[in-house]
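Here the structure is laid out as structure tokens; the discussion comes afterwards.
All chains are named by letter (A, B, ...) in the order of the sequence lines, taking the proteins before the strands, and each is independently numbered beginning at 1.
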Amino acid sequence: MTSPQKTTQLPKNYDPKAVEPRLYEFWERSGFFHEDPDPARPPFIIPMPPPNVTGRAHLGHGSTYTPQDVLTRYHRMLGDNADWLPGLDHAAIATESVLVRELAAQGISRDSLGRDGFIERAWEWSRTTGGTIDAQFRTLGFGPDWQRSRFTMDEGLSSAVRKVFVALYREGLIYRGKRLINWDPKGKTTVSDAEIDHIERDAHLWHVRYPSKDGSFAIEIATTRPETMLGDTAVAVHPEDERYAALVGKHVVLPLIGREIPIVADAAVERGFGTGAVKVTPAHDPTDYEIGLRHKLPMPTILDSDAKISGAEIAVGPYAGLDRYDARQRIVDDLRVAGLLIKEEAYRHSVAVSERSGEVIEPLLSLQWFVTMKPLAEPALQAYRDGRLRFVPERYGRTYEQWLENIRDWNISRQLWWGHQLPVWYTPDGDVVVAETEDEALEIARTRYNGAPLTRDPDTLDTWFSSGLWPFSILGWPEQTPELQCWYPSQVLITGWEIIFLWVARMVMLGMHFLGRVPFPTVFIAPLVFDAQGRKMSKSLGNAIDPMDLVERYGADAFRMGILRQMRLEGQEIRFQESRCEEARNFNNKIWNATRYVLSLPEGLPRAMTLPKDADLTVADKWILTRLHETIASISERFDAFDFGNAADAIWRFVWYEFCDWYVEATKVPQNHTTRAAVLSFVWNNAMRLLHPIAPFISEEVWLALPHDGVTIMTATWPDRLEVALDREAATLFETHMAATEQIRRLKQELELPLGSKPATKLPGDLASLAQLTAYTEAAAGAVITVDPKLEGGIAAIVVEAPATLLLERYRKDAIRLRSEVQRSESKLGNGDFIAKAAPNVVTKEREKLDAYRNELARVESALAAMGETA
RNA sequence: GUGCGUGUAGCUCAGUGGGAGAGCACCACCUUGACACGGUGGGGGUCGUAGGUUCAAUCCCUACCACGCACACCA
């Protein structure tokens with residue numbers, strides 16, 4: 001143990017850089033983060049949302065991962081079988097697009113490398129950059145069980161992916177079909193509905209005339225996408241629209257192309273919008289696709305994978321090969337020349353954009369793989385409705401419910417190379433073979449298709465397919481491992497609301513389908529982090545803050561504390577203020593210096609952490625112990641309720657405003673010397689344990705320097721409030737004295753009384769002796785202060801004897817304030833309805849308040865009268 | 001369009017059916033046995049607007065305004 005002599009030499013300022021890396025290394029080397037399944041203890045498992053393998057820490061990790069670390073540390077101290085299971089996600093699209101860009105910078109194209117070469121590069125890249133975020137997490141003090149870290153592309157998880165795919169296929173829940181999908185022309189791949197943003201953009205609405213062949217009539221349509229008219233196969237109007245009723249069933253000629261198309265009636269058309277008539281391009285618009293299905297219309301595709309006009313399926317005139325936007329301009333021009341463009345108006349509407357690439361999504365009819373979602377969604381909905389799955393805050397549950405109720409089939413095939421290749425093979429005749437391994441596929445081909453040669457489907461699976469298995473695949477499923485038996489389901493999942501659909505809902509559906517139980521009973525949705533103006537942090541805006549910079553400036557503890565104190569239970573966002581980290585650094589410095597004080601007591605600290613007998617404790621001792629008791633209860637409750645902001649505030653208040661500002665000061669007066677060493681070290685040791693989940697480093701450093709049991713605070717027991725005596729009566733007495741002291745100090749400064757440190761000699765009974773126990777017994781020279789401790793709520797009446805001129809103004813102000821309070825209170829108590837209808841204790845309290853005000857007013861008025869003032 | 005959230009001190013945000021709060025910023029004072037990354041005190045708000053319920057509303061209800069978010073097939 002560190003001796004007081006040595007610790008007095010501690011530097012005045014706490015330096016996290018000298019502490020944090022050393023302690024983290026100690027913890028990891030000692031295996032404190034590691035845990036094995038133990039059925040004898042309650043499990044507390046959090047599956048970490050796997051960050052992208054090539055990702056870097058950002059502030060969002062602060063709000064979503066710090067709580068996971070906090071809860072894991074808290075539950076470990078509670079003695080639970082606590083483990084935080086980390087890992088990395090291969091992040092198919094994100095990784096592949098970044099790698100393609102990097103390669104391009106070196107003059108290498110994806111295709112020139114070939115599939116195997118590209119994948120080899122991707123692996124190499126993952127291995128070299130994949131450690132970055134893990135190292136950053138260590139810097140932040142995050143302590144997951146690194147030995148159990150998994151990667152979505154590692155062999156175990158990949159085989160789980162294949163198993164799930166094959167199982168769902170054989171159950172008929174995975175199918176291949178030609179459907180309208182979302183095509184990202186930049187990323188050259190499909191994306192799922194959940195990966196699309198709708199963004200408002202300025203555009204145009206063009207009115208175009210579609211004439212009949214014989215010129216006897218024409219119909220005018222409105223469109224934002226004239227280029228898709230090349231693929232029109234109908235014009236639709238509302239069935240009850242009288243303007244067009246006579247035209248339904250007739251044909252018009254597609255301008256510029258000359259193809260005849262029918263006019264159909266469909267309820268999807270809004271009569272009030274545009275002209276009430278709409279062109280129908282089934283292969284390139286979701287609504288039109290539905291109309292096309294209902295009317296059995298042809299569905300020619302006119303755009304290729306580059307979003308260029310293609311005449312492969314139908315004649316597209318001179319526009320073949322043009323980019324979609326060039327074609328739009330050309331067609332508008334040509335329509336104008338042909339006299340068929342009636343009107344062009346400015347129009348603002350929302351456009352579907354790929355979340356990842358920002359490219360405008362092109363709806364395309366394409367042969368892809370899908371998961372039938374309805375049968376999977378039903379149990380996931382049921383689990384939410386009957387309470388087996390709950391969200392904190394609750395409102396996110398309704399979001400989840402709404403999405404599952406309207407769920408559509410999930411397009412899972414991607415035209416990427418980096419990912420899990422579909423376990424699907426085709427025979428030359430187009431027969432489909434689905435198998436977990438190539439050997440199995442060949443075996444099927446041999447027995448069922450006469451040994452036909454097989455070609456593997458080149459597509460890979462949506463990243464979220466493998467992450468959807470995360471809560472059980474990381475535990476070794478499908479093997480019945482001890483981990484799976486003890487740790488599934490886990491206890492809580494913590495993430496941001498932006499991936500409730502992409503990830504959370506899918507984990508619930510797949511977990512329930514394959515293991516029969518929800519993967520976690522509780523989902524805590526942490527707030528997202530924005531800048532102080534509420535804008536999203538981004539590189540392009542230049543407002544992004546790198547958490548590593550904050551750690552560099554303030555330390556990891558300060559970063560964690562700074563961000564947690566900005567979290568509110570119902571909040572959906574944090575407007576991040578760096579000043580909060582600075583405050584937290586100051587807080588740590590406060591802790592450091594309080595520790596220097598404790599360690600430098602001349603009498604030294606007791607070797608063991610024991611308290612003096614109750615009878616020997618002073619009022620100040622009883623007060624701080626009572627507050628410790630209450631703070632333990634408060635922090636525990638708040639951690640249990642995911643209320644990290646208030647938990648952090650509670651320890652903050654206790655440490656700074658109660659322990660440092662009042663108790664430490666109280667220990668400086670001689671009357672407190674006999675018990676102070678024991679109480680200071682006991683309370684400070686407990687405070688460090690309460691702080692540890694939030695600020696792991698400084699709490700460990702201080703705890704190790706104090707009397708303690710064990711080798712690390714990480715496995716110390718969570719403070720038990722029942723071991724700390726609660727004496728509310730003594731505490732309230734001390735708090736009354738605190739309030740009185742504050743009033744005395746206020747008077748001293750307001751009245752500009754000369755400073756004096758003479759003890760107040762005329763304090764009545766209890767308070768006189770109590771005042772001896774604090775360092776704040778300062779009475780101003782020449783002033784006599786009396787305090788009435790009997791008043792409710794710590795309100796103390798104070799009479800100061802001082803030069804009359806100084807007092808006069810003060811008393812006048814007091815009299816004004818008190819008269820208004822008395823008046824307010826009297827009118828309230830004079831109201832018969834108030835007496836009759838208000839709760840009795842409220843009335844009693846009001847009477848007591850009135851008495852107190854009257855007494856104080858009487859005192860002030862008699863003082864004024866004595867000075868010759870009349871009321 | 002539908003749903004959700006938010007509007008309280010200059011800033012960021014707590015909070016409560018019965019006397020408006022914190023931190024930062026600001027002002028003044030203070031080196032007092034740990035801490036100036038400190039201590040003490042102070043100024044500052046018609047609790048978005050308008051109604052309603054209630055003995056009593058910043059808090060509950062309704063409408064409106066402003067901002068944010070999610071969902072949605074108005075081309």
Item checked: Expected output: side-chain A:His238 to main-chain A:Glu240 donor-acceptor under 3.5 Å -> yes
Next item on the list: Could you pull out all residues at least two apart from A:Phe697 that satisfy ring-ring contact (aromatic ring centres under 6.0 Å, His included)?
Entry: A:Trp27
Notebook entry, point to check: Any N or O donor-acceptor pair linking the side chain of A:Lys590 to the base of B:C35 at under 3.5 Å?
Noted result: yes
Next item on the list: Would you mind classifying the nucleic acid contact of A:Tyr400 as base, sugar-phosphate or nothing, using non-hydrogen atoms under 4.0 angstrom?
Entry: nothing
Notebook entry, point to check: Which whole number of Å gives the distance between the C1' atom of B:A9 and that of B:G68?
Noted result: 23 Å
Next item on the list: Only counting residues at least two apart or in another chain, list the ones meeting salt bridge (charged side-chain N to carboxylate O under 4.0 Å, His left out) with A:Arg854.
Entry: A:Glu826
Item checked: Nearest listed nucleotide, side chain of A:Pro602, among B:C37, B:G18, B:G33 -> B:G33
Check: How does RNA chain B read in dot-bracket, base by base from 5' to 3', with Watson-Crick or G-U pairs under 3.5 Å and | used when the partner is on another strand?
Finding: (((((((..((((....[..)))).(((((.......))))).....(((((..]....))))))))))))....
Note to self: Please check: side-chain N/O of A:Asn593 versus main-chain N/O of A:Lys12, any donor-acceptor pairing under 3.5 Å?
What the structure shows: yes
Next item on the list: Please report, rounded to the nearest Å, how far the C1' atom of B:C69 is from the CD atom of A:Glu498.
Entry: 12 Å
Next item on the list: Could you check how far CD of A:Glu821 sits from P of B:G18, rounded to whole Å?
Entry: 16 Å
Notebook entry, point to check: Rounded to the Å, how far apart are A:Asn593 CG and B:G38 C1'?
Noted result: 9 Å
Item checked: Side-chain donor or acceptor of A:Asp409 paired with backbone N/O of A:Met373 under 3.5 Å -> yes
Item checked: Euclidean distance for C1', B:G18 against B:G38 (whole angstrom) -> 39 Å
Notebook entry, point to check: Can you find a side-chain donor-acceptor pair between A:His207 and A:Glu344 that sits under 3.5 Å?
Noted result: no
Item checked: Polar side chain donor-acceptor pair, A:Thr595 to A:Trp684, under 3.5 angstrom -> yes
Item checked: Any donor-acceptor N/O pair, A:His295 side chain to A:Ala265 backbone, under 3.5 Å -> yes
Checklist line | Atom pair distance, as rounded to whole Å: CD1 in A:Ile500 and P in B:C69 | finding: 16 Å
Notebook entry, point to check: Between A:Lys849 and A:Ile196, which is nearer to the 5' end of RNA chain B once each is assigned its nearest nucleotide?
Noted result: A:Lys849
Next item on the list: Please list, chain by chain and in numerical order, all residues satisfying salt bridge (charged side-chain N to carboxylate O under 4.0 Å, His left out) with A:Arg568, sequence neighbours excluded.
Entry: A:Asp649
Next item on the list: For B:G38, take OP1 and OP2 only and decide whether either is under 4.0 Å from a side-chain N or O of A:Asn589.
Entry: no
Margin query: Could you tell me how far apart A:Tyr14 (OH) and B:C37 (C1') are, to the nearest whole angstrom?
Written below: 13 Å
Next item on the list: Please name all residues satisfying salt bridge (charged side-chain N to carboxylate O under 4.0 Å, His left out) with A:Glu603, sequence neighbours left out, ordered by chain then number.
Entry: A:Arg676
Check: Just by distance, do the side chain of A:Asn831 and the backbone of A:Ser827 share a donor-acceptor pair under 3.5 Å?
Finding: no
Next item on the list: With P as the reference atom in both, quote the distance from B:G52 to B:G44 in angstrom, rounded to an integer.
Entry: 32 Å
Checklist line | Salt bridge A:Lys845-A:Glu848, side-chain N to carboxylate O under 4.0 Å | finding: no
Notebook entry, point to check: Heavy atoms under 4.0 Å, any strand shown: does A:Gln566 hit a base, just sugar-phosphate, or nothing?
Noted result: nothing
Next item on the list: Measure from the side chain of A:Asn646, starting at C-beta and using heavy atoms only, and say which of B:G33, B:G39, B:A14 lies closest.
Entry: B:A14
Margin query: Within the 4.0 Å heavy-atom criterion, would you say A:His284 contacts the bases, only the backbone, or no part of the nucleic acid?
Written below: nothing
Next item on the list: Let me know the distance between CG of A:Asn672 and C1' of B:G33, rounded to the nearest Å.
Entry: 14 Å
N/O to N/O distances under 3.5 Å, protein versus nucleotides 52-57 of chain B:
unit_1	atom_1	unit_2	atom_2	d
B:C55	OP1	A:Lys837	NZ	2.4
B:C55	O2'	A:Asn831	ND2	2.9

Margin query: When the P atoms of B:G7 and B:U16 are compared, how many Å lie between them, rounded to an integer?
Written below: 13 Å
Notebook entry, point to check: Looking only at side-chain N and O atoms, does A:Lys536 come under 4.0 Å of OP1 or OP2 in B:G68?
Noted result: no
Next item on the list: Could you work out the separation of B:A34 and B:U46 based on their P atoms and round it to a whole Å?
Entry: 43 Å
Next item on the list: Looking at every strand, decide which applies to A:Val664 at a 4.0 Å heavy-atom threshold: base, sugar-phosphate, or nothing.
Entry: base
Notebook entry, point to check: If you measure from the P atom in B:A28 to the same atom in B:G33, how many Å do you get, rounded?
Noted result: 26 Å
Margin query: When the C1' atoms of B:G17 and B:C47 are compared, how many Å lie between them, rounded to an integer?
Written below: 15 Å
Shorter than 3.5 Å, N or O on both sides, protein versus nucleotides 20-29 of chain B: list them out with atom names.
unit_1	atom_1	unit_2	atom_2	d
B:G23	O2'	A:Glu583	OE1	2.7
B:G23	O2'	A:Glu583	OE2	2.7

Item checked: Length of the OH-P vector between A:Tyr396 and B:C69, whole Å -> 13 Å
N/O-N/O pairs, protein side and nucleotides 72-75 of chain B side, under 3.5 Å:
unit_1	atom_1	unit_2	atom_2	d
B:C73	O4'	A:Thr287	OG1	3.4
B:C73	O2'	A:Thr287	OG1	2.8
B:A75	OP2	A:Tyr347	OH	2.6
B:A75	O2'	A:Ala222	O	3.4
B:A75	N6	A:Glu270	O	2.8
B:A75	N6	A:Phe273	O	3.1
B:A75	N1	A:Glu270	N	3.1

Notebook entry, point to check: Do A:Trp183 and A:Glu362 meet the criterion of a side-chain donor-acceptor pair at a distance under 3.5 Å?
Noted result: no
Note to self: Test side chain to side chain donor-acceptor pair (under 3.5 Å) on A:Asn646 and A:Asp643; report intermediate values, then the result.
What the structure shows: CA-CA 6 Å; A:Asn646 281 317; A:Asp643 189 356; 2.9 Å; yes
Next item on the list: For A:Glu394, check side-chain contact (heavy atoms from CB on, under 4.5 Å) against everything at least two apart and list the hits.
Entry: none
Next item on the list: Record whether the side chain of A:Lys12 comes under 3.5 Å of the base of B:A36 through a donor-acceptor pair of N or O atoms.
Entry: no
Check: Under 4.0 Å between a Lys/Arg side-chain N and an Asp/Glu carboxylate O for A:Arg348 and A:Asp202?
Finding: yes
Next item on the list: Can you figure out which of B:A34, B:G18, B:C71 approaches the side chain of A:Cys660 most closely?
Entry: B:A34
Note to self: Filter on salt bridge (Lys or Arg N to Asp or Glu O under 4.0 Å), then keep only pairs touching residues 276-292 of chain A, sequence neighbours left out; what's left?
What the structure shows: A:Asp232-A:Lys279
Margin query: Could you work out, with salt bridge (charged side-chain N to carboxylate O under 4.0 Å, His left out) as the rule, every residue matching A:Glu570, not counting sequence neighbours?
Written below: A:Arg395
Notebook entry, point to check: In whole angstrom, what separates A:Arg847's CZ from B:G18's C1'?
Noted result: 14 Å
Next item on the list: Please determine, by modelled atom types, if A:Glu582 and A:Ser579 share a side-chain donor-acceptor pair under 3.5 angstrom.
Entry: no
Next item on the list: Could you check whether A:Arg676 gets within reach of a base, just the sugar-phosphate, or nothing at all, counting any heavy atom under 4.0 Å?
Entry: base
Polar-atom pairs under 3.5 Å, protein N or O versus N or O of nucleotides 1-6 of chain B: list them with distances, or write none.
none

